[in-house]
Amino acid sequence: MADYGFPKTTRLLSAEDYKAVFSNSQFKASCRHILVLAISNDCQHSRLGLVIAKKHISKAVQRNKVKRIIRDSFRLHQDTLAGLDLVVLARKDADKLGNPQLRDKIQKLWKELADKLARANN
RNA sequence: AGAGUCAGCUGGGCAAUUGCUGUAGAUAGCUCUUCGUUUAUCGCAUAGCGUUAGAUGAGGAAAUUUAUAGAGGAAAGUCCGGGCUCCAUAGAGCAGAGUGCCAGGUAACGCCUGGGGGGUGAGAACCCACGGCUAGUGCAGCAGAAAAUAAACCGCCAGAUUACUUUCGAGUAUCAGGUAAGGGUGAAAUGGUGCGGUAAGAGCGCACCGCGCGACUGGUAACAGUUCGUGGCAAUGUAAACCCCACUCCGGAGCAAGGCCAAAUAGGGAUCUAAUGAUGCGGCUCGUAUCGGAUCCGGGUAGGCCGCUAGAAAUCUGUGGCGACGCAGAUUGAAGAUGAAUAAUUGUCCUCGACAGAACCCGGCUUAUAGGCUGACUCUUCUU
RNA sequence: AGGCGCGUAACUCAGUUGGUUAGAGUGCUACCAUGACAUGGUAGAAGUCGACAGUUCGAAUCUGUCCGUGCCUA
């Protein structure tokens, strides 16, 4: 049975972690509203970081909502992305999507990343 | 029944599954770690100190699990007022900033309550930066004759040793005057109506109204008055113009304040040390400065911890007060994150869910806000 | 979160303190000059001064409240 928890070990915590992902990102996946960067890490599991800029989503309620949905989706799909440090950036108008649409989009991006990872390992 | 005014409350509910953060407890001693006791081992300068490994006791982290709590009325804007913290600081004044009818409330306020005055509305009610331009200084474009110690453009008026005309009444022009009743300009033109008065007029005089000043009465006061006296009126607007008056603040920053622990790297200070070393100053010795190693010390970055939520607290009761609010008693423990929790999915119900997310904490103000509920009051219509 | 500043022509800025006329440069349009283009010359258009209230006879300017935008503090 897969572990669907989201404890602190599966998050990016310090500024250095983020810096590492930004400066040498190995994998990329994006759509109109979301961009995902990733590098492989030394852990067994994957780790998630979120960058939701105030510039792109102006209202705090909307920012929180987007973060929650992405986090929840990551929680349910993290077993397919093992060994990656991920940073998810929200682009403009990401808050205009409905909850189910946002969910679909992020799921597709997870899948794309998983494929790329498999290809790189082979 | 309809229309409306004010005040208060609420801000989707239920169920299942999967998650997050705090707090309290439990678990196994499988993982990491701190301190102590003890056994073995190895090293050395050997009553000792240190290395490594094991056993054991206590604590912490992480993990698993159970219970429990978990955004707002505005959490927002940052427009005011405080608490708290640090730095600065003899005291007083000037300067500066703010407030501005009166009284009270408050930790304090630019907030609130009650009262006064003015305005809006049929009314319940609502709105008002509401001290002073009779302390001084300034400003008032254009238009208009004149714009602030008033003023004569048109008009009106009697006069003249004047000129012309003449129907001999006077008229026109000119001169030097009087006049603020009428005209037009302007946002604004120096009380209103009537009577008298006059050459024409004029607060020039009078009556009433309005206004100023003083007294009296009521009121803590602002202020009010079918009161009395007095002044012919002197007093245009503007203080969100300078300013005057009264009161308040009066050093500065803000939890990214501030305090504690503290790696790596670089650098600082103190002590010891050896080649009796190297380099610079110097012709050489002496001297002096720098350079090596070890130990200790303090500052301090990354990072971590505290600050952090029990407070001008909430609720209820009693009591004083018209009220804001005060006082007394009882009860309650109610978010505290830090790449930042408080949710997601599914089902279901209804009226189909607005504005919107704590970040040190309070008191206000302002702005945004779907719908629902309660109470008090006003007006209109109908019925009894 | 806390603390500062700025909104004026399409663009870059004056004017705001001290109230009564909105101005400069670049760009744009038309014409002149040239065989043509650039340069040059002449003329012209373009602004509810971020929005809404208030004070005033009168507001880009004074006062208040919102909106947008930028910067600083780890």
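The basis for the numbers below is simple: all heavy atoms, side chains too, and nothing from hydrogens, waters or symmetry mates. A note on names: the letters A, B, ... follow the listed sequences, proteins ahead of strands, and every chain is numbered from 1.
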Is there a side-chain contact between [X] and [Y] (heavy atoms, below 4.5 Å)?
| X | Y | result |
| --- | --- | --- |
| A/Leu89 | A/Val87 | yes |
| A/Ile106 | A/Ile34 | yes |
| A/Leu76 | A/Gln107 | no |
| A/Lys65 | A/Asn99 | yes |
| A/Arg91 | A/Arg32 | no |

Need the glycosidic conformation of [N]: syn if within 90° of 0, anti if not. Which one?
| N | answer |
| --- | --- |
| B/A47 | anti |
| C/U56 | anti |
| B/G268 | anti |
| B/A71 | syn |
| B/G73 | syn |

[N] and [M]: how far apart are their [atom1] atoms, nearest whole angstrom?
| N | M | atom1 | result |
| --- | --- | --- | --- |
| B/G138 | B/C249 | P | 36 Å |
| B/G83 | B/C109 | C1' | 14 Å |
| B/U68 | B/C350 | C1' | 32 Å |
| B/U366 | B/A257 | C1' | 28 Å |
| B/U276 | B/A47 | P | 34 Å |
| B/C112 | B/G364 | P | 11 Å |
| B/U309 | B/U23 | C1' | 14 Å |
| C/C49 | C/A22 | C1' | 8 Å |

Under 3.5 Å for both donor-acceptor distances, Watson-Crick or wobble: does [N] have a partner, and if so which one?
| N | answer |
| --- | --- |
| B/A343 | B/U18 |
| B/U374 | B/A7 |
| C/A36 | none |
| B/U301 | none |
| B/U64 | B/A26 |
| C/G7 | C/C67 |
| B/G323 | none |
| B/U248 | B/A97 |

Polar pair under 3.5 Å, donor/acceptor by atom type, side chain A/Asp72, base B/G19: no
Base of B/G357 paired with side chain of A/Arg68 (donor-acceptor, under 3.5 Å): yes
Pairwise 5' ranking along RNA chain B for A/Lys59 and A/Gly49, keeping only the more 5' one: A/Gly49
5′-ward residue of the pair A/Leu50/A/Arg103 relative to RNA chain B: A/Leu50
Whether [X] contacts [N] is assessed here as follows: a side-chain N or O lying under 4.0 Å from the phosphate OP1 or OP2. Is that the case?
| X | N | result |
| --- | --- | --- |
| A/Arg47 | B/G339 | no |
| A/Arg71 | B/A340 | yes |
| A/Asn99 | B/U345 | yes |

Pairwise distance CG(A/Leu86) to CG(A/Leu50) - rounded to 0.5 angstrom: 10.0 Å
Side chain to side chain contact (heavy atoms under 4.5 Å, CB included) evaluation trace for A/Phe27 with A/Ile39: CA-CA 6 Å; A/Phe27 309 105; A/Ile39 58 170; over 6 Å; no
Nucleotide nearest A/Lys54 when distance is taken to its side chain, options B/A356, B/G339, C/A1: C/A1
